[in-house]
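Note sheet for the following structure.
In listed order, ligands and their atoms are each counted from 1. Positions are given from 1, in the same order as the sequence printed here.
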Amino acid sequence: MTTIRLYNTKARAKETFEPLDPGNVRMYVCGPTVYDRAHLGNARPVVVFDVLYRLLRHVYGAGHVTYVRNFTDVDDKINARAAETGRTIAEITAETTQWFLDDMAALGALEPDAMPRATQYVPQMIAMIERLIAKGHAYEAGGHVLFAVESYAGYGRLSGRTVEDMIAGARVEVAPYKRNPMDFVLWKPSGPDLPGWESPWGRGRPGWHIECSAMSHELLGESFDIHGGGGDLIFPHHENEIAQSRCAHPEGEFARYWMHNEMLQVEGRKMSKSLGNFFTVRDLLDQGVQGEVIRFVMLSTHYRKPMDWTAEKAREAKETLRKWSGAAAEKHANDIDSEVVEALADDLNTWEAIETLNELYKCDNRARLTASAMLLGFDLAKIAQSDWAKPFHYETEDGAFLAEGTDYQPTVGVIGWGGISDQLRDASVSLVHKWLAYRRDKDWSNADRLKHEAASLGVELRASRSPSGVNSGTAVLDRSNLNPAKLEALK
Ligand code: AMP
Ligand code: ZN
């Protein structure tokens, strides 16, 4: 059996992965808070842990892995969104949950085996909080229930910090009822206009961290294998989950391997609303960036490195996927390349796996390429059927065109994907003629300008010299739905 090695945040080292029960490998990943569209950063853990899920299913068998990812559907950000918009919380969370599922499906992510919603597990959260109080790890104060961090000696072990460091570094909410400023909320009171549940401490709602402890316990047990999420969750969220779960169920180990993806950036800078480079997965899909392309860009960087989203990477990813899908084989079952598996088994080295797929492509090993790409979540046969990957090629007959008013006889080609209308083909051909005429006349400034303007409309102009010495040019169309009238208007 393949040996999987994973970097365990808790150990700060790569470790050999040994599941508690190879017949049921269990993984929990922290999911989204549902009040808005998922941004591109939110998609990173989804794609990364989807690859891990696929690898585990490959190694242990599809029926022997349980993957749980939650929806946080009770949160003050959701309450605020409801207040701003005048819509109900239920409407907002139901709509956002469906958006998330649709957007992640577009990225080729398999659905986890269970997707619990926090609001469905409030009784389990209350029961866990009661246990924590009974064992002296939590206390009620000022209508709140707080976890007493000093009651758990292991607090800070995951992030490698002392409680003093954490107090100094974190923006902890100082409240008069807290015994220690690091103590965190398990339960808080709700006024009549906020969502609330009856509890031994009055009507209220859970703090954020308790939901993951309660849901993972209910669905995966007191000890399970892998817990994942973005690196921003290590502290305080995962540190708090550990404290709650280990104290409520000291007989269990809680999660044994902790995995965290690094953050996403855009063109070298942090993605943020104020920098104007903030976008959602849906924004990209709507702009015509394919889900597979987004997935490819995500996987071309190792998950423990900061990842940069750039338009150039998306362009390259699209080109590679087009190439690969052109070599897609019909039959491919059971032909997964062992080097691809080995690469993924080495702490999800997706970059190495992609390199290996490129080698398979170069050797024209079609069946193996198709089967192995599937392990990374790329369905090449399906991609080959989509408009953006189906190539067409059109070429004027050599000498058939005479550029107007000259004896100039270029060969002109148009290549693209997904079919082309006659109007778009003719507009592209005439555009190449105009460009070649500038080049023939050594009018480089106009030639460059036209090339630039064409590029902004989705047409790349390429020149080459045919064997007969005649200039030839090709228009490479980015998409099949370009506007011919705009191309015709270029001078
Ligand atoms: P949230 O809805 O903010 O709790 O985030 C949902 C998931 O997305 C968590 O696992 C976060 O760690 C992860 N995440 C949020 N922002 C980023 C980012 N910029 N890059 C990578 N992962 C992120
Ligand atoms: Zn969580």
Side-chain angles (χ1 to χ4, degrees), residues 9 27-50 52 67-78 80-81 92-93 96-97 99-101 103-104 107 109 112 114-118 121 124-125 128 158-159 184 186 206-220 224 226-245 254-255 258-273 275 277-281 284 294-295 297-299 301-309:
T9 306
M27 169 162 85
Y28 185 97
V29 174
C30 293
T33 305
V34 279
Y35 66 102
D36 210 346
R37 282 275 184 199
H39 62 68
L40 195 59
N42 296 137
R44 194 172 189 197
V46 174
V47 171
V48 164
F49 290 103
D50 181 62
L52 179 55
Y67 173 21
V68 177
R69 187 185 63 215
N70 68 299
F71 283 107
T72 299
D73 61 351
V74 48
D75 185 277
D76 288 345
K77 288 193 280 282
I78 304 172
R81 184 59 56 97
I92 292 173
T93 57
T96 317
T97 299
W99 282 347
F100 185 85
L101 292 173
D103 294 352
M104 298 309 127
L107 303 186
M115 295 188 282
R117 277 100 169 130
Y121 289 82
Q124 287 87 341
M125 295 185 222
M128 192 176 257
L158 178 70
S159 47
F184 58 89
L186 299 172
W208 169 32
H209 317 293
I210 192 71
E211 71 179 73
C212 290
S213 286
M215 292 188 287
S216 62
H217 181 259
E218 178 77 16
L219 297 167
L220 299 176
F224 59 92
I226 300 170
H227 195 314
D232 56 333
L233 299 184
I234 296 174
F235 180 80
H237 184 55
H238 288 162
E239 203 72 75
N240 293 355
E241 279 188 39
I242 292 172
Q244 296 161 160
S245 295
F254 192 38
W258 286 86
M259 294 180 66
H260 296 97
N261 62 271
E262 255 294 347
M263 296 291 107
L264 172 125
Q265 305 182 323
V266 177
E267 308 280 354
R269 306 171 82 183
K270 180 179 172 222
M271 183 166 82
S272 82
K273 283 206 168 117
L275 289 174
N277 63 357
F278 179 93
F279 43 81
T280 66
V281 173
L284 284 179
I294 299 174
R295 182 179 183 94
V297 173
M298 296 254 166
L299 296 181
T301 300
H302 188 252
Y303 77 95
R304 283 195 290 116
K305 297 213 171 78
M307 184 209 131
D308 199 15
W309 173 270

Is a donor on one side and an acceptor on the other found under 3.5 Å between the side chain of [X] and the backbone of [Y]?
{"X": "S159", "Y": "I234", "result": "no"}
{"X": "R69", "Y": "P112", "result": "no"}
{"X": "E262", "Y": "G231", "result": "no"}
{"X": "R44", "Y": "M263", "result": "yes"}
{"X": "N261", "Y": "Y303", "result": "no"}

* Look at the N, O or S atoms of H209, main chain and side chain alike, and state whether any lies under 2.8 Å from the Zn ion (ligand 2). => no
* **H238 backbone or side-chain N/O/S under 2.8 Å from the Zn ion (ligand 2)** => no
* Below 4.0 Å from any atom of ligand 1, is there a heavy atom belonging to Q265? -> no
Which of the atoms of ligand 1 are close to [X], meaning less than 4.0 Å from one of its heavy atoms?
{"X": "D232", "answer": "11 (C), 12 (O), 15 (C)"}
{"X": "N261", "answer": "21 (C), 22 (N)"}
{"X": "H39", "answer": "16 (N), 17 (C)"}
{"X": "E262", "answer": "21 (C)"}
{"X": "L233", "answer": "9 (C), 10 (O), 12 (O)"}
{"X": "C30", "answer": "10 (O)"}

Can you pull out the closest protein heavy atom to [atom]? Residue, atom name and distance to 0.1 Å, please.
{"atom": "atom 4 (O) of ligand 1", "result": "T33 OG1, 4.0 Å"}
{"atom": "atom 13 (C) of ligand 1", "result": "P45 CG, 3.7 Å"}
{"atom": "atom 8 (O) of ligand 1", "result": "N42 ND2, 3.2 Å"}

* Please state the angle at the Zn ion (ligand 2) spanned by NE2 of H237 and SG of C212: what is it, rounded to 10 degrees? -> 110°
* Angle at the Zn ion (ligand 2) between SG of C30 and OE2 of E241, to 10°? -> 100°
* Asked: Under 3.5 Å, is there a donor-acceptor pair between the E211 and N70 side chains?
  -> yes
Fit a plane to each ring of [X] and [Y], take the angle between them on a 0 to 90° scale, and name the class: parallel (under 30°), tilted (30 to 60°) or perpendicular (over 60°).
{"X": "W309", "Y": "F279", "result": "perpendicular"}
{"X": "F184", "Y": "H209", "result": "perpendicular"}
{"X": "H227", "Y": "Y28", "result": "tilted"}

* To do: Output yes when the distance from some N or O of ligand 1 to some N or O of G230 is under 3.5 Å, and no in every other case.
  => yes
* Does an N or O from L264, backbone or side chain, lie closer than 3.5 Å to an N or O of ligand 1? -> yes
* To do: Nearest heavy atom to atom 22 (N) of ligand 1 wins, so pick from G31, G41, G228, A43.
  => G41
* To do: Taking the six-membered ring for Trp and the full ring for Phe, Tyr or His, determine whether the centres of F254 and F224 are under 6.0 Å apart.
  => yes
* With K270 via side chain to side chain contact (heavy atoms under 4.5 Å, CB included) - residues at least two apart -> none
